[in-house]
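Read the structure below first, then the notes.
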2 protein chains.
Amino acid sequence: MIENDIFKALADPTRRAIFEKLANGSMNASALREGIDISQPAMSQHLSVLRNASLVREERQGRFVNYEVNPDGLAQIAGWLAKYRAYWPARIDALKALLKEMDQ
Amino acid sequence: MIENDIFKALADPTRRAIFEKLANGSMNASALREGIDISQPAMSQHLSVLRNASLVREERQGRFVNYEVNPDGLAQIAGWLAKYRAYWPARIDALKALLKEMDQ
DNA sequence: GAATCAGATAAGTGCATGCTTATATGTTTT
DNA sequence: AAAACATATAAGCATGCACTTATCTGATTC
């Protein structure tokens, strides 16, 4: 199940950090390692998990592999979340605040 | 980190099933077990994880413990997702379709 | 074409996690 | 107050998962 792959992929803080980094601009696997204390194989494995969860996608460029956010995965989460929007009104103010805070 | 707790909690399909069930109406731990092949302790442990992730909350009623969706957890996910809404336009049609589909 | 480089894969290891059985806690019923 | 009941906790076990080192593949450079 893809939904399961997505949540499992995001259950790891390192993978969320990688994803966040990619969200600020696509880059190759080596560049992604900068600033994160992680071995080359570990990064490769994390990227594989994110790829299988349709959270990122790759594009080979010569001997580099460029990675970028794949909106499909995000849409899946949005879809999952939407099932429960009946419960959002209770938290709508907190959400608005959160969004505003993030816009600064 | 609470964000981590939330994604880890949702990474388990049984817990997502429990959460979904609660989203359709609050109920006690025993009622939750119906239809899901799961032991009493396992259910109790899953509920503990969901509780710690602020995805559900409990309310003791006599010797029963009533569980219900806690909007706080959902708001956290919505907040996380919002950080990446720059990528939503690319998938906005798919999302709309998803939402419409879910409304039937 | 040999050396170098980016990245993926393989195999092994330790810790996290979801389950089990057994037992404890707290509440209601008789 | 004893029995029954709803739920939680404890302890042990098997599997999953994130990491490691070693090696492989494919592309580039010299």
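Just so it is clear: chains get the letters A, B, ... in the order the sequence lines come, proteins before strands, and each one is counted from 1. We use all heavy atoms of the structure for the numbers below, so side chains are in, but hydrogens, waters and symmetry mates are not.
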Heavy-atom donor-acceptor pair, [X] side chain to [Y] backbone, under 3.5 Å:
{"X": "B/Asn70", "Y": "B/Gly73", "result": "no"}
{"X": "A/Arg60", "Y": "A/Gly62", "result": "yes"}
{"X": "B/Arg85", "Y": "B/Ala82", "result": "yes"}

With no angle test and no hydrogens, is the base of C/dT17 tied to the side chain of B/Gln45 by a donor-acceptor pair under 3.5 Å? no
When the distance from [atom1] of [X] to [atom2] of [N] is rounded to whole Å, what number comes out?
{"X": "B/Asn4", "N": "C/dT17", "atom1": "CG", "atom2": "P", "result": "9 Å"}
{"X": "A/Gln61", "N": "C/dG7", "atom1": "CD", "atom2": "C1'", "result": "14 Å"}
{"X": "B/Ile36", "N": "C/dC19", "atom1": "CD1", "atom2": "P", "result": "11 Å"}
{"X": "B/Glu59", "N": "D/dA6", "atom1": "CD", "atom2": "C1'", "result": "16 Å"}
{"X": "B/Gln40", "N": "C/dT20", "atom1": "CD", "atom2": "P", "result": "11 Å"}
{"X": "A/Leu32", "N": "C/dA8", "atom1": "CG", "atom2": "C1'", "result": "15 Å"}
{"X": "B/Ile38", "N": "C/dC19", "atom1": "CD1", "atom2": "C1'", "result": "9 Å"}
{"X": "A/Arg63", "N": "C/dA6", "atom1": "CZ", "atom2": "C1'", "result": "7 Å"}

Nearest to the side chain of [X], which nucleotide is it out of [options]?
{"X": "A/Val65", "options": "C/dG7, D/dA6, C/dT20", "value": "C/dG7"}
{"X": "B/Asp12", "options": "C/dG18, C/dA8, D/dT7", "value": "C/dG18"}
{"X": "B/Ser30", "options": "D/dA6, C/dG7, D/dA22", "value": "D/dA6"}
{"X": "B/Lys8", "options": "D/dC19, D/dT7, C/dA16", "value": "C/dA16"}

Give a yes/no answer on whether the side chain of [X] brings an N or O atom under 4.0 Å of OP1 or OP2 in [N].
{"X": "B/His46", "N": "C/dC19", "value": "yes"}
{"X": "B/Tyr67", "N": "D/dA6", "value": "no"}
{"X": "B/Arg60", "N": "C/dT28", "value": "no"}
{"X": "A/Ser39", "N": "D/dT20", "value": "yes"}
{"X": "A/Arg15", "N": "D/dC17", "value": "no"}

Under a 4.5 Å cut-off applied to non-hydrogen side-chain atoms, are B/Tyr67 and B/Asn28 in contact? no
Within the structure shown, what part of the strands sits under 4.0 Å from B/Arg51 by heavy-atom distance: base, sugar-phosphate, or nothing?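 B/Arg51: backbone/sugar contact only, no base atoms under 4.0 Å.
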Parallel, tilted or perpendicular: ring planes of A/Phe7 versus B/Phe7, cut at 30 and 60 degrees: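 Rings of A/Phe7 and B/Phe7: tilted, 30 to 60°.
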